[in-house]
Engineer: 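Before I ask anything, let me first share the structure, which is written out below as structure tokens.
Residue indices begin at 1 and follow the sequence shown.
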Amino acid sequence: MSTPKKFNTTGVCIPTLHYMVDTSSVTKQIIENYIVPGEYFTINRARQYGKTTTLELLFQQLKKDYIVLDISFEAADEYFQSLKALAQGLWMDIGDLLLCRNTSPALQEEWLRPLSDDFPLRDLGRRITSLCSKSEKKVVLMIDEVDKNADNQIFLTFLGLLREKYLKQKLGKDRTFHSVILAGVYDIKNLKLKMHPKEDSKYNSPWNIAADFNVNMAFSEDGIAGMLSEYEKDYHTGMDTDSMSRMIYAYSSGYPFLVSRLCKLLDEQVAGTDEYPSRSDAWTNNGFQKAVRLLLFEKNTLFDDMFKKLNEFKSLSDMLASLLFSGRSFSYNPDTEEIATGIRFGFIRSADNQAIIANRIFEMRLYNYYLSQEDISNNDTCQSALQAKNQFIHGNVLDVDLILRKFTEHFTEVYAACSDKFIEENGRRLFLLYLRPIINGTGNYYVESRTRSMTRTDIIVDYLGKQYIIETKIWRGNEYNTRGEKQLIGYLDDYHLEKGYMLSFCFNKNKVPGVHEIFLGGKILIETIV
């Protein structure tokens, strides 16, 4: 009896062991557009974006027609102590691979002769020429985790060797690797080399020969649905695979780790609980929301790396916080350092030429991260919400009417004397700070990206299978308010809801804070002014 497949989020995915999205179109595109023409290129994508799995799938496709030398710098720190150490390390790695690939004894014997002590890297270059000249098959070099030491001058010297041989091969003066694939987070073409501590970092990479890598590696809805269909054949849960794949994509935007992690949580941590005793119970909308909550509150390598990067790149962190809480918009300009850094790490992407958070899971986790920077034990807003928390939940229903009333009372008492600028910049953050401890651990919330601006934001709350839409906005007069009411009704129609909520931060000195109910377009709107 074969071992049942699992969803995998650690290391390389193997088709016979793991449920996987079919990425054959991606590997086909890479082979046809890059490897067959003999391109040198870098698969530069964010952490846990499927790079290592893609290299393995490429290896399986290429090994029939090429000698594929697949190397990883994951545990090769000692290679970068000196040029001799690097040359010796690569010589040993490639020698081992030539033995594994069953190449001819003559090729192996010539390669395995000791390297020159005086000029080891140059001697390595000569071995590469001999190997590629005498091999019956073209030779492809793959190096994974290449940016582990990518800012090291020794590594750049090695890239210089590859570049020199590549250019000479184009001129018919040398023989070298047919194609070279480097995989890592950074684009090696635009690498900043770390200089001495008192010197500025400089751009200094010889990898300008590399082709631009323009392949979409995100999972599609159809690809996710195909993976779920394979799972469904094994377990017969009765899930609606199309609906489930749409939900997974809506929250992950196809980020490979997030897709696999949500599925793994559903299969292994949601199913089998008292609340969701069977897989059929788990693979539902409510079960999915449970998996989202588990993901948002777990520590994993992707989130750990995210927060490490936010601490390291303060200007990027400030930009993301402004985007989330202040509604500021940032034009998608990859020449801007903060945006280029956010793209590199997979935190942001482009939509309508604006920089937005890359996916809903990242957005929710970032909201939690920034809000958690508040000292809850000393924060009046959090404490006020926690003290009244039991009043806001009746059975499985969230009493949003009362939440808005209590928030209005709290805000009026604590922040009424604050400046208009403070309220405009912090009003939404304070409301989310009030909302978060109420639904924490039981519900989720996210912001509808189409309405995130300085003037309007729609917060979508998922709580025990029910959804609530709360529009927060800056009061800009009655005409603007009427327009906002109509827009909110449109969202209620989209979500098939009969009731919605509006929270307006008003700077009019004659305002009357409070909550009132109106009926419009067949919907109930609870409007709150603070």
Side-chain angles (χ1 to χ4, degrees), residues 5-9 12-15 17-35 41 43-58 60-61 183 185 212-234 237 239-267 283-285 287-289 291-292 295 302 332 343-364 446 448-450 494:
K5 289 186 178 182
K6 292 182 175 292
F7 294 103
N8 181 47
T9 55
V12 65
C13 291
I14 302 170
L17 300 178
H18 304 127
Y19 293 109
M20 295 174 57
V21 169
D22 182 3
T23 58
S24 56
S25 61
V26 171
T27 55
K28 180 180 179 183
Q29 185 179 354
I30 294 173
I31 291 171
E32 291 181 352
N33 295 348
Y34 294 89
I35 294 173
F41 61 100
I43 301 178
N44 56 294
R45 291 294 182 270
R47 292 292 179 205
Q48 295 183 287
Y49 214 89
K51 300 183 293 295
T52 299
T53 296
T54 298
L55 290 181
E56 175 60 24
L57 295 174
L58 283 171
Q60 296 299 332
Q61 290 292 315
V185 172
D212 293 331
F213 185 69
N214 299 313
V215 176
N216 182 7
M217 292 174 61
F219 294 160
S220 66
E221 280 188 33
D222 288 343
I224 298 168
M227 177 177 64
L228 295 183
S229 295
E230 183 183 3
Y231 176 86
E232 186 65 8
K233 288 178 183 177
D234 290 339
T237 69
M239 80 166 92
D240 183 338
T241 54
D242 289 336
S243 176
M244 185 60 67
S245 65
R246 280 194 298 271
M247 281 196 294
I248 293 172
Y249 185 83
Y251 277 74
S252 67
S253 296
Y255 198 111
F257 173 84
L258 297 178
V259 170
S260 297
R261 190 63 189 159
L262 286 167
C263 292
K264 189 175 182 67
L265 289 169
L266 276 162
D267 181 54
W283 289 89
T284 59
N285 178 65
F288 175 76
Q289 293 300 330
V292 170
L295 178 55
L302 180 60
Y332 187 83
I343 296 167
R344 179 186 308 125
F345 298 141
F347 300 164
I348 61 175
R349 61 185 174 89
S350 173
D352 299 323
N353 293 319
Q354 297 294 310
I356 66 170
I357 306 299
N359 57 70
R360 193 177 292 172
I361 293 292
F362 278 6
E363 178 181 286
M364 297 162 79
Y446 61 90
E448 172 52 62
S449 60
R450 289 174 291 175
D494 290 345

Engineer: Could you tell me which residues satisfy side-chain hydrogen bond (donor to acceptor under 3.5 Å, both in side chains) with Y249, sequence neighbours excluded, listed by chain and number?
Structural biologist: none
Engineer: List the steps and the verdict of side chain to side chain contact (heavy atoms under 4.5 Å, CB included) for F219 and T23.
Structural biologist: CA-CA 8 Å; F219 294 160; T23 58; 3.8 Å; yes
Engineer: Tell me yes or no: between the side chains of S220 and D222, is some donor less than 3.5 Å from an acceptor?
Structural biologist: no
Engineer: Can you find a pair of side-chain heavy atoms, one from C263 and one from L228, that are under 4.5 Å apart?
Structural biologist: yes
Engineer: Report the distance from atom NE2 of H18 to atom OG1 of T9, rounding to the nearest 0.5 Å.
Structural biologist: 9.0 Å
Engineer: For A291 versus L265, what's the shortest heavy-atom pair and its separation?
Structural biologist: O-CD1, 3.6 Å
Engineer: Any pair with a residue in residues 246-264 that passes salt bridge (charged side-chain N to carboxylate O under 4.0 Å, His left out), sequence neighbours left out, goes on the list, sorted by first then second residue, please.
Structural biologist: R261-E298, K264-E268
Engineer: Has K6 got more than 12 heavy atoms of other residues, nucleotides or ligands less than 6.0 Å from its NZ?
Structural biologist: no
Engineer: For a 4.5 angstrom cut-off between non-hydrogen side-chain atoms, does L295 reach L262?
Structural biologist: yes
Engineer: Please find the pair of heavy atoms, one from L266 and one from G287, that lie closest to each other, and give the distance.
Structural biologist: CD2-O, 3.4 Å
Engineer: Between R45 and T54, is there a side-chain heavy-atom distance shorter than 4.5 Å?
Structural biologist: no
Engineer: Any non-hydrogen side-chain atom of M20 less than 4.5 Å from a side-chain atom of L57?
Structural biologist: yes
Engineer: What heavy-atom pair brings A218 and S253 nearest, and what distance separates the two atoms?
Structural biologist: CB-O, 4.0 Å
Engineer: For the CD atom of Q60 and the OG1 atom of T27, what is their distance to the nearest 0.5 Å?
Structural biologist: 11.0 Å
Engineer: Do Y332 and I356 pass the side chain to side chain contact (heavy atoms under 4.5 Å, CB included) test, and can you show the C-alpha distance, the side-chain angles, and the key distance before you say yes or no?
Structural biologist: CA-CA 9 Å; Y332 187 83; I356 66 170; over 6 Å; no
Engineer: Does the side chain of F362 reach to within under 4.5 Å of the side chain of I348, using non-hydrogen atoms?
Structural biologist: no
Engineer: Give the minimum heavy-atom separation between S260 and F7, together with the two atoms involved.
Structural biologist: O-CB, 4.1 Å
Engineer: For the residue pair S229 and T241, what are the closest heavy atoms and their distance?
Structural biologist: OG-OG1, 4.0 Å
Engineer: Starting at OG of S252, measure out to CE of M247 and round the result to the nearest 0.5 Å.
Structural biologist: 11.5 Å
Engineer: With a 4.5 Å limit on heavy-atom distance, are the side chains of V215 and F213 in contact?
Structural biologist: yes
Engineer: Rounded to the nearest 0.5 Å, what's the gap from CD on Q29 to CG on N214? Could you check?
Structural biologist: 9.0 Å
Engineer: Do the ring planes of Y255 and Y49 sit parallel (below 30°), tilted (30 to 60°) or perpendicular (above 60°)?
Structural biologist: perpendicular
Engineer: Can M239 and Y231 be said to form a side chain to side chain contact (heavy atoms under 4.5 Å, CB included), step by step?
Structural biologist: CA-CA 10 Å; M239 80 166 92; Y231 176 86; 3.7 Å; yes
Engineer: For the OG1 atom of T237 and the CE atom of M244, what is their distance to the nearest 0.5 Å?
Structural biologist: 7.5 Å
Engineer: Taking atom types as modelled, find out whether Y19 and D267 have a side-chain donor-acceptor pair closer than 3.5 angstrom.
Structural biologist: no
Engineer: When you measure from the side chain of Q48 to the backbone of L302, do you find a donor-acceptor pair of N or O atoms at a distance under 3.5 Å?
Structural biologist: yes
Engineer: Are side-chain heavy atoms of M227 and D22 found at a separation under 4.5 Å?
Structural biologist: no
Engineer: To the closest 0.5 Å, what do you measure between CZ (R360) and OH (Y446)?
Structural biologist: 3.5 Å
Engineer: Is T53 close to N8 at the side-chain level, that is, under 4.5 Å between some pair of heavy atoms?
Structural biologist: no
